[in-house]
Amino acid sequence: MAFGDPVCATVANARCGGLRQAGVVGKLGGTYVCMEGPQFSTRAESNLYRSWGADVIGMTNLQEAKLAREAEICYATIAMITDYDCWREGHDAVTVEEIVSVLHKNAENASKVVRAAVAALPTERKCACTSAARFAVMTQVDAIPKAARERVGLLFAKYLGW
């Protein structure tokens, strides 16, 4: 399955409903830049990401989205902002203490949003995530050793007739 749209629309829409129900400000959609971390951006990096139209800069979301897609898990992000990074003129440099304080508030909000979003999810999955790995294995079935079939059987047995 293509990765142009890395999140599940069903989960993303439920998340937006959860935001509204929890009274947390948020939006549907956006551009995420995944950077190597843990570190803060330089001013040049921060301005570059903004020039690209990035909404959020983080360290983990891309890998999680790819792994979820490979495992046919419906996935969407709740990206909760901790700071403006260093691009914002007249804004003091962010400190770890400030980020940790915001993280605690974000954790409370995220918990409320997730509870509401999960309650709103349909009981039956009808999205494309359910068959995302359909063409993931290109090796001929009879050429796959038994030990390898056992390791990947949970994900691919339904497509390979094991």
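The minimum heavy-atom distance linking Y159 with A132 is given by the pair OH-N, 4.4 Å. The two residues E72 and C129 have their closest heavy-atom pair at CB-O, 3.1 Å. The minimum heavy-atom distance between T31 and G53, with the atom names listed, is CB-O, 3.8 Å. Closest approach of T60 and C34 over heavy atoms only: N-SG, 4.3 Å.
Judged purely by atom type and a 3.5 angstrom limit, S131 has no side-chain atom pairing as donor or acceptor with the backbone of R134. No donor-acceptor distance shorter than 3.5 angstrom exists from the side chain of E108 to the backbone of K105, with no hydrogens or angles considered.
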Practice prompt. Start with the C-alpha gap between R115 and S111, add the side-chain angles, then the distance that decides, and say whether side chain to side chain donor-acceptor pair (under 3.5 Å) holds.
Written response: CA-CA 6 Å; R115 267 195 298 277; S111 180; 2.9 Å; yes

Worksheet item: side-chain contact (heavy atoms from CB on, under 4.5 Å) between R125 and T130: does it pass, once the steps are laid out?
Response: CA-CA 7 Å; R125 293 189 329 156; T130 62; 3.3 Å; yes

Worksheet item: Could you go step by step and tell me if Y75 and N61 meet the side chain to side chain donor-acceptor pair (under 3.5 Å) rule?
Response: CA-CA 10 Å; Y75 176 86; N61 189 46; 2.5 Å; yes

Item to complete: Begin with the C-alpha distance, continue with both residues' side-chain angles, and end with the deciding distance and a verdict on salt bridge (charged side-chain N to carboxylate O under 4.0 Å, His left out) for E150 and K146.
Response: CA-CA 6 Å; E150 289 172 1; K146 185 178 190 294; 2.7 Å; yes

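L155 and L67 end up in different hydrophobic clusters when Ile, Leu, Val, Met, Phe, Trp and Tyr side chains are linked at under 4.5 Å. W52 and M59 fall within the same hydrophobic cluster, defined by Ile, Leu, Val, Met, Phe, Trp and Tyr side-chain heavy atoms under 4.5 Å apart, directly or through other members. A single hydrophobic cluster is seen to contain both M35 and L48, as judged by linkage of ILVMFWY side chains at heavy-atom distances under 4.5 Å, directly or through other members.
If you run side-chain contact (heavy atoms from CB on, under 4.5 Å) between C74 and each of V7, V11, T10, only V11 comes through.
Taking OH of Y49 as the start and OH of Y32 as the end, the distance is 11.0 Å to the nearest 0.5 Å. Taken to the nearest 0.5 Å, the CG atom of D55 stands 11.0 Å off from the CZ atom of R50. Taking CG from N106 and CD1 from I81, the interatomic distance works out to 8.0 Å, rounded to the nearest 0.5 Å. Put simply, CD1 on I73 and SG on C8 are 11.5 Å apart, with the number rounded to the nearest 0.5 Å. With rounding to the nearest 0.5 Å, the separation of CZ in R69 from CD in E64 is 14.0 Å. Going from atom CG of D142 over to atom CG of L160 covers 11.0 Å, rounded to the nearest 0.5 Å.
Contact annotation: the side chain of V137 approaches that of I144 to within less than 4.5 Å [non-hydrogen atoms, C-beta and beyond]. Between V102 and E98, every side-chain heavy-atom pair lies at or beyond the 4.5 Å cut-off. T82 places none of its side-chain heavy atoms less than 4.5 Å from the side chain of M80. Residues V113 and R15 form a side-chain contact, since some pair of their non-hydrogen atoms from C-beta on lies under 4.5 Å apart. Here the side chains of E97 and S101 are not in contact, with every heavy-atom distance at 4.5 Å or above.
Summarising the local packing, CD of Q63 is surrounded by more than 12 heavy atoms from other residues, nucleotides or ligands at distances under 6.0 Å. By the 6.0 Å contact criterion, NZ on K158 is enclosed, its count of non-hydrogen atoms from other residues, nucleotides or ligands being greater than 12.
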